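Scope of the values below: all heavy atoms of this structure, side chains included, with no hydrogens, waters or symmetry mates. Source: prediction; values computed, not measured.
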Amino acid sequence: MSIQRKSKAFHKWLMLFMGLQFVVWSFTGLFMVVMDIDYIHGDNLIRNQPVHLSQAEFTKVNYSINQLFDKHPYAESVELTKLLDKPVYRFKVDKKPYLIDADNGKSLTPISKAKALRIAKSVYLQSAEDNVFFNIKNITYIEFTAPYELNARHLPVWQVNLDDFASSSIYIGANNGLIVTKRHGYWRAFDWMFSFHVMDYAEEDVSNKLLLVFVIISLIASAFGVVLSYYKIIKPLIHKRGIDEAN
């Protein structure tokens, strides 16, 4: 069998085998390119919150940094900031986050359900004073098993699920009151598309072996396609040019 016929046969069967995955790559790739990545990250859901204290807020700081270290001598990454317009200290001990009131030194860890709800409302970009756009579906305390859309290192968290157009979720660190992440329906669709695009349906790791195998097969099929292009396009042109020059 000639090289041309062998290349045609291998190219045809390899592309037939790869055809469905090429469609998946094209569709999922198109979706990920078209979607605004800032929107996917949920930046449209959360307003930026000022973290620096005003002069008036500094007057409410009655618990000094020295008092903090007296009680928590191994505190690290100490930060004087604010939560719901009140001054607080955030710090870590053995990598575990803590939150205390900068007025009286009272521990705020873990934050209450009511406070988590107030935090979610304060940062939700579409909320209004009359709560028209802030409808809570449910709020759940998650301590041990993180949902697939949340990295387990953020636990424990309050999960605030909203009854909005995209089934949004706001995750608030139970120990520090910070927004650790936000998710919505379009992020979940993007995540689903990404898993199919990289062919890792559990860990979503781009360096998985299945993807490597399909990429290698694609390169081989493309190589046979190049060989066919030579015989179908380039060689006839060279032959025709030789005839024209001979005439």
Side-chain angles (χ1 to χ4, degrees), residues 3 5-46 77 92 94-97 137-138 140-162 164-176 178-230:
I3 295 177
R5 295 181 64 184
K6 287 181 179 179
S7 297
K8 181 178 180 181
F10 281 120
H11 181 74
K12 179 180 70 174
W13 288 109
L14 287 176
M15 291 304 295
L16 183 63
F17 174 73
M18 291 291 300
L20 179 60
Q21 186 57 42
F22 270 114
V23 172
V24 172
W25 278 336
S26 300
F27 181 77
T28 55
L30 176 64
F31 180 88
M32 291 188 291
V33 168
V34 168
M35 295 300 296
D36 182 4
I37 194 63
D38 293 327
Y39 181 82
I40 293 299
H41 288 161
D43 295 342
N44 64 304
L45 294 176
I46 301 296
S77 305
K92 294 181 180 180
D94 293 332
K95 297 183 179 181
K96 180 181 178 181
K137 185 181 298 182
N138 55 65
T140 306
Y141 182 73
I142 304 175
E143 185 175 7
F144 299 112
T145 305
Y148 82 95
E149 63 188 26
L150 177 71
N151 193 310
R153 65 185 173 86
H154 294 305
L155 296 178
V157 297
W158 284 101
Q159 180 194 53
V160 183
N161 294 319
L162 306 177
D164 62 4
F165 73 99
S167 299
S168 305
S169 298
I170 299 175
Y171 291 92
I172 303 169
N175 290 333
N176 57 19
L178 293 174
I179 306 298
V180 297
T181 195
K182 56 274 185 190
R183 300 294 187 231
H184 52 73
Y186 294 98
W187 181 95
R188 297 174 184 112
F190 189 96
D191 183 68
W192 186 81
M193 294 287 182
F194 182 79
S195 67
F196 274 82
H197 195 76
V198 302
M199 303 184 72
D200 190 335
Y201 314 106
E203 301 297 328
E204 299 181 1
D205 183 4
V206 297
S207 60
N208 68 84
K209 293 181 179 179
L210 179 61
L211 179 61
L212 178 62
V213 169
F214 269 72
V215 168
I216 292 174
I217 294 174
S218 299
L219 290 174
I220 294 173
S222 299
F224 283 123
V226 171
V227 174
L228 282 177
S229 298
Y230 169 77

Task: Ile217 and Met18: CA distance, side-chain angles, deciding distance, side-chain contact (heavy atoms from CB on, under 4.5 Å) verdict - done: CA-CA 8 Å; Ile217 294 174; Met18 291 291 300; 3.7 Å; yes
Task: Residues Phe194, Thr28; criterion side-chain contact (heavy atoms from CB on, under 4.5 Å); working and verdict - done: CA-CA 7 Å; Phe194 182 79; Thr28 55; over 6 Å; no
- [ ] Would you please test Met193 and Met35 for side-chain contact (heavy atoms from CB on, under 4.5 Å) and show each step?
- [x] CA-CA 11 Å; Met193 294 287 182; Met35 295 300 296; over 6 Å; no
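Here the closest non-hydrogen pair linking Val180 and Gly173 is CG1-N, 3.9 Å. Taking both residues in full, the closest heavy atoms of Asp43 and Lys182 are given as OD1-NZ, 3.9 Å, listed atom of the first, atom of the second, then distance. The heavy-atom pair separating Ala166 from Arg188 by the smallest distance is O-NH1, 3.9 Å. Taking every heavy atom of both residues into account, Asn175 and Pro97 meet most closely at CB-O, 3.4 Å. Between Ser169 and Asn161, the closest heavy-atom pair is OG-OD1, 2.5 Å. Summarising the geometry of Ala152 relative to Ala146, their closest heavy-atom pair is CA-CB, 3.9 Å, with the distance given to 0.1 Å.
Side-chain atoms of Tyr171 and Glu149, non-hydrogen and from C-beta on, do get closer than 4.5 Å to each other. Looking at heavy atoms from C-beta onward, Leu155 lies in side-chain contact with Leu150 at the 4.5 angstrom threshold. Residues Arg183 and Pro147 are not in side-chain contact: their nearest non-hydrogen atoms beyond the backbone lie 4.5 Å or more apart. Using a 4.5 Å cut-off on side-chain heavy atoms (C-beta onward), Ile46 and Ile170 make contact. Between Phe22 and Phe214 the shortest side-chain heavy-atom distance does not fall below 4.5 Å.
Judged by distance alone, with hydrogens and angles left aside, the side-chain atoms of Asn208 form a donor-acceptor pair with the main-chain N or O of Leu211 at under 3.5 Å. In terms of modelled atom types and a separation under 3.5 Å, the side chain of Trp158 and the main chain of Tyr141 share no donor-acceptor contact.
By the neighbour-count criterion of 12 heavy atoms within 6.0 Å, atom CZ of Phe224 is densely surrounded, having more than that number from other residues, nucleotides or ligands. Within a 6.0 Å sphere centred on OH of Tyr201, heavy atoms belonging to other residues, nucleotides or ligands number more than 12. Within 6.0 Å of atom OH in Tyr148, more than 12 heavy atoms from other residues, nucleotides or ligands are found, so the atom counts as buried in its surroundings.
The aromatic rings of Tyr39 and His184 are tilted relative to each other, their planes meeting at an angle between 30° and 60°.
For Leu212, the side-chain contact (heavy atoms from CB on, under 4.5 Å) partners are Ile216, not counting sequence neighbours.
For an aromatic pair to be called close, the ring centres must be under 6.0 Å apart, and Trp187 with Phe190 fails this.
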